[in-house]
Visitor: 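Please read through the structure below; I'll follow up with questions.
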Amino acid sequence: MDQNSSPNQPNRTEILAVTVMAQNVVASSPKRDDKFWFDDGTIVLVVQDTEFRIYRGLLEDQFPIFKNLFSLPQPVTHHRDEHRDYSCPVVCLHDAARDWRNLLRLYMPEGDTRLFMQAPLCPSFETISACIRLGHKYDMAHIEKEALDYLKVLFPSALSHPTIPWPPNGFHLSSAIGVVNLARLTGEHSLLPNSLYRCCQLDANITQGFIYSDGYRETLSSEDLGRCFVARSRLTQETYRLYTRSFLAASDTSRRRKEPCRSNNTCWEAVAAKKFFTVANGTADSLEHPLPFVHLEDHLPDDVRDTTFCDTCWKMFRECEEEEHRALWQRLPSFFGLDLLG
Ligand SMILES: [Zn+2]
């Protein structure tokens, strides 16, 4: 700690207006956080209606910006509440209390945290969001990057088969909305095609957004919402067209087969084709959301699957679908008005 900066003086309360975010207003009577209030703490953070009393050295170690702040002459010094005496600096931050609580959990874990036998880490969306928002705002590049890297695993820019289960533990379907907004905030546009695609699979939530644990609602911007509506229509068309193109490719007699048809080459005859398109049409019509990157076979009950193609023809059809999936994935950014993936 820099002993020359902002010396602690008994009975002195200091409030530093560090940043300004219009939507946050400090409550007149903030309450102490249940977890992050230590009586011997050396700094109080007032965030929305919550007070966190923690240790200044820890804060400065992780957030160099605070060290810099305290090294400057303090421009604003006054008593916020004559009935409260903290005997330590009080810093007013215009952030979400939820974000600070989530971040402090990382640096000051619960007392029963296992030290050597860690369970697989599955951070919640709120934790990831807090790391990115606060890391971005307070120049904590390492934690911002680590959280963004985690999102890149969940929202890869390359098409992956099998696809990563969505949503993972700690996330909700509508968390994709928050991921889009984080990508916009940080300029990490490689996250956009995949996260916007996930938004296209939402129902009413796509307009209503999602609600954080503290009741705060976050929505897509009107521009991104419009992009999703346009793309959703196109992706629904593509879902059916992809079945058609895959059928045509698989039924091409000049296409090299790894294994022969087990139904005496009847899988691609006219009667069979009629059945296929009836099945494909019915599947596309019954989808609630556009799912162009899921194999048709995976939508079908076993009896329908088994009476449509033989096993080796289904295998060849899947190969053709995957070729189409890769081609469509390359075009996905353009559906949202984005540049192609770099
Ligand atoms: Zn066959």
Side-chain angles (χ1 to χ4, degrees), residues 153-168 173 176 193-203 228 230-336 338 340-341:
V153 172
L154 297 182
F155 296 86
S157 56
L159 181 62
S160 60
H161 279 295
T163 52
I164 295 167
W166 173 256
L173 290 173
N194 203 328
S195 54
L196 285 166
Y197 169 65
R198 294 294 185 191
C199 289
C200 289
Q201 296 168 339
L202 297 172
D203 294 320
C228 285
V230 171
R232 185 146 70 175
S233 173
R234 290 190 63 186
L235 287 166
T236 301
Q237 294 172 348
E238 289 292 341
T239 302
Y240 183 72
R241 291 171 65 187
L242 196 140
Y243 298 155
T244 304
R245 285 197 294 265
S246 299
F247 178 90
L248 294 173
S251 63
D252 183 351
T253 53
S254 65
R255 185 182 182 88
R256 184 174 168 276
R257 294 188 63 124
K258 294 175 183 169
E259 299 173 84
C261 174
R262 290 180 181 166
S263 297
N264 201 25
N265 292 320
T266 59
C267 288
W268 310 102
E269 290 180 349
V271 173
K274 183 177 179 183
K275 178 165 188 182
F276 168 82
F277 282 107
T278 302
V279 169
N281 198 36
T283 302
D285 281 348
S286 66
L287 293 177
E288 295 179 14
H289 316 292
L291 289 170
F293 301 108
V294 177
H295 292 285
L296 172 63
E297 188 181 4
D298 298 341
H299 291 301
L300 303 181
D302 286 347
D303 58 330
V304 175
R305 176 203 179 276
D306 294 343
T307 55
T308 304
F309 294 147
C310 72
D311 283 349
T312 58
C313 286
W314 268 122
K315 196 180 295 183
M316 193 168 72
F317 182 78
R318 287 179 78 93
E319 288 175 13
C320 295
E321 279 184 311
E322 289 179 6
E323 290 170 9
E324 293 291 336
H325 288 171
R326 287 191 287 272
L328 181 61
W329 188 264
Q330 291 301 313
R331 294 163 52 214
L332 188 63
S334 68
F335 289 11
F336 299 104
L338 304 168
L340 290 177
L341 298 173

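FYI, the numbering just counts along the sequence from 1. Atoms within a ligand are numbered from 1 in the order they appear, just like the ligands themselves.
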Visitor: Take W329 and N194 through the side-chain contact (heavy atoms from CB on, under 4.5 Å) test and state the conclusion after the steps.
Guide: CA-CA 9 Å; W329 188 264; N194 203 328; 3.7 Å; yes
Visitor: When the ring centroid of Y197 is compared with that of F293, is the distance short of 6.0 Å?
Guide: yes
Visitor: I would like to know whether T312 and K258 meet side-chain hydrogen bond (donor to acceptor under 3.5 Å, both in side chains); could you show each step before the answer?
Guide: CA-CA 9 Å; T312 58; K258 294 175 183 169; over 6 Å; no
Visitor: So, do F277 and Y243 have ring centers that fall under 6.0 Å from each other?
Guide: no
Visitor: Looking at the rings of F247 and F317, which for Trp means the six-membered one, are their centres under 6.0 Å apart?
Guide: no
Visitor: Taking the inter-plane angle between the rings of H325 and H295 on a 0 to 90° scale, is it parallel (under 30°), tilted (30 to 60°) or perpendicular (over 60°)?
Guide: tilted
Visitor: With 2.8 Å as the limit, count the protein N, O or S atoms near the Zn ion (ligand 1).
Guide: 4
